[in-house]
Amino acid sequence: MAERSRTGSAATDSAPGTHATDPPAAASLSAQARESILRRIVDRRYAQGARLVEREIAEELSMSRVPVREALRALVTEGLLELLPHSGVRVRRLGRADVEHLYEVWEPLAVQASRLAARTVAAGDTEGVAALAAALRQAESAAAADEGTREVAAHTAFHEGVVAMSRNPLLARTMEQLSWQLRLLFGMREEPAHMRAQHAEMHRHISNGDAEAAAASTLLHVRDSRTVALRSLFGSDVGSDVGSDVGSDVGSD
C-alpha cells in the first residue's frame with residue numbers, strides 16, 4: 001500500500017510527502033504490472049484478440065491505474081498489444097507474417113548466440129553450462145507430466161541461458177526485446193519430442209566448445225521450430241527450407 005501511495009504522490013512534484021525516490025518506485029510498479037500482464041498473455045489467461053480494460057487489470061493486480069496504464073502503453077510499443085480504433089487496447093493476434101518476421105530476426109541472433117556461447121566455453125568460461133543442462137531436465141520432466149506451461153518455461157530458460165553465455169550485452173538486450181513474443185509463440189505451437197533432442201544436441205556442442213557445430217545445430221533447430229509453428233498455427237509451412245543446406249548457411253565470422 002505504501003508503494004501505491006507513493007505512485008499517486010509522484011504525479012505532482014510539489015505534493016506533500018513526495019521524495020526523490022518516488023519516480024523509481026513508480027517505474028518499479030509499472031515494471032511489475034508489465035510483467036504480470038505479459039505472463040497472463042503468455043499463459044493465455046488474456047487470449048489473443050481479448051480487450052484489456054485498465055480499471056479491471058488494476059483491480060486484479062491490486063494496483064493503482066497509473067502503473068497499469070504505463071504498462072499497457074509499453075506493451076503496445078513492444079507489439080504484444082494493439083490500440084483499438086476508438087479506445088482501449090487488445091491482445092494482438094499473431095498472423096502468419098508476424099510469425100515469419102519473428103523467425104527472420106530470431107534465427108541469426110540465436111545462431112550467433114550459440115556460436116559465442118561455445119567460444120566462451122572453449123576459452124575456459126563454463127559458467128552457464130550446468131544451467132542449460134538443468135533447463136533440459138526441466139523440459140523432459142514437464143513433458144513427461146504433460147505440463148505444457150512448465151515445458152515452455154524450460155525451453156525459454158534454455159534459449160535465454162545460451163544468450164547469457166554469449167557474454168555479449170548488445171545481443172542480450174536485442175534478444176530481450178524478442179523474448180516475450182517468443183514465449184507467446186512457444187506456448188501456442190506444438191512441441192515435438194525431437195525438438196527437445198535438438199536442444200540436447202545444442203547443449204552438447206556448446207559444452208564441448210565447438211562453435212560452428214553449435215551454430216549449425218541451432219540453425220537447424222530454429223528452422224524446424226519455424227516449420228512446427230507455421231503448421232500448428234496456420235496448417236502449412238510453405239517456403240520452409242528446414243534441413244536444406246544448413247551447413248552452407250552457417251558462416252564463420
Side-chain angles (χ1 to χ4, degrees), residues 1-95 97-99 101-106 109-110 113 149-150 152-153 155-157 159-161 163-164 168-188:
M1 292 300 293
E3 287 188 336
R4 291 178 62 186
S5 63
R6 285 200 301 270
T7 300
S9 66
T12 304
D13 292 341
S14 59
T18 300
H19 303 290
T21 56
D22 287 346
S28 176
L29 283 175
S30 177
Q32 290 175 33
R34 174 182 171 276
E35 181 84 7
S36 296
I37 294 167
L38 279 169
R39 292 192 183 281
R40 285 162 170 76
I41 293 172
V42 168
D43 67 19
R44 285 174 279 184
R45 277 181 281 177
Y46 297 160
Q48 289 193 65
R51 182 172 181 266
L52 300 186
V53 179
E54 178 185 300
R55 173 181 51 79
E56 294 176 356
I57 294 175
E59 291 176 356
E60 182 180 349
L61 301 182
S62 299
M63 288 185 176
S64 71
R65 293 173 66 170
V66 173
V68 171
R69 184 179 307 129
E70 292 171 351
L72 294 175
R73 287 173 179 168
L75 292 172
V76 168
T77 300
E78 294 171 29
L80 284 171
L81 300 179
E82 58 186 0
L83 292 171
L84 291 169
H86 301 293
S87 64
V89 297
R90 67 183 173 194
V91 180
R92 183 178 177 184
R93 294 184 183 276
L94 286 181
D98 297 314
V99 175
H101 294 160
L102 183 57
Y103 275 99
E104 286 170 0
V105 175
W106 183 40
L109 295 175
T149 300
R150 188 160 67 92
V152 168
H155 289 312
T156 302
H159 284 288
E160 290 178 348
V163 172
N168 184 313
L170 180 57
L171 176 62
R173 287 196 298 272
T174 304
M175 280 300 303
E176 186 177 2
Q177 297 178 38
L178 303 179
S179 64
W180 282 102
Q181 294 184 55
L182 288 170
R183 291 188 198 190
L184 176 61
L185 184 61
F186 292 163
M188 293 166 57

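All heavy atoms count here, side chains included; hydrogens, waters and symmetry mates do not. Just so it is clear, the structure is predicted and the values come from calculations on it, not from any experiment.
- We find the CG-CD distance between Leu184 and Gln48 to be 6.0 Å, quoted to the nearest 0.5 Å.
- With sequence neighbours excluded, no residue forms a salt bridge (charged side-chain N to carboxylate O under 4.0 Å, His left out) with Arg93.
- Judged as a side chain to side chain donor-acceptor pair (under 3.5 Å), and not counting sequence neighbours, the contacts of Glu160 are Arg183.
- Contacts of Arg90 classified as side chain to side chain donor-acceptor pair (under 3.5 Å), with partners at least two apart in sequence or in another chain: Glu82.
- Partners of Arg69 by side chain to side chain donor-acceptor pair (under 3.5 Å), not counting sequence neighbours, listed by chain and number: Glu54.
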request  = Determine, stepwise, if the pair Val76 / Leu72 fulfils side-chain contact (heavy atoms from CB on, under 4.5 Å).
outcome  = CA-CA 6 Å; Val76 168; Leu72 294 175; 5.6 Å; no
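- Under the salt bridge (charged side-chain N to carboxylate O under 4.0 Å, His left out) criterion, Glu59 pairs with Arg55, sequence neighbours left out.
- Glu60 meets the side-chain contact (heavy atoms from CB on, under 4.5 Å) test with Arg40, Tyr46; sequence neighbours excluded.
- When side chains are defined from C-beta on, Met175 counts as touching Leu182, because their heavy atoms get closer than 4.5 Å.
- Remark: Ala58 pairs with Arg65, Val68 by the side-chain contact (heavy atoms from CB on, under 4.5 Å) rule, at least two apart or across chains.
- Taking the six-membered ring where tryptophan is involved, the planes of Phe186 and His159 are tilted, since the angle between them lies from 30° to 60°.
- Checked against ring pair (Phe, Tyr, Trp, His ring centres under 6.0 Å), Trp180 has no partners two or more places apart in sequence or in another chain.
- Distance check: Ile57 CD1 to Ile37 CD1 gives 4.5 Å after rounding to the nearest 0.5 Å.
- Taking each heavy atom of Leu80 and Gln181 in turn, the nearest pair found is CD2-CG, 3.9 Å.
- Within the 4.5 Å cutoff, side-chain heavy atoms of Leu75 are placed close to those of Glu78.
- Leu178 places a side-chain heavy atom less than 4.5 Å from the side chain of Leu102.
- Across all their heavy atoms, Leu81 and Val91 have their closest contact at CD2-CA, 3.7 Å.
- Not counting sequence neighbours, Arg51 has no partner by the salt bridge (charged side-chain N to carboxylate O under 4.0 Å, His left out) test.
- For Gln177, there are no side chain to side chain donor-acceptor pair (under 3.5 Å) partners at least two apart in sequence or on another chain.
- Val105 and Leu109 get closest at one heavy-atom pair: O-CG, 3.4 Å.
- Of all heavy-atom pairs between Ala71 and Ala33, the closest is CB-CB, 3.8 Å.
- For Thr149, the side-chain contact (heavy atoms from CB on, under 4.5 Å) test picks out no residue, with sequence neighbours left out.
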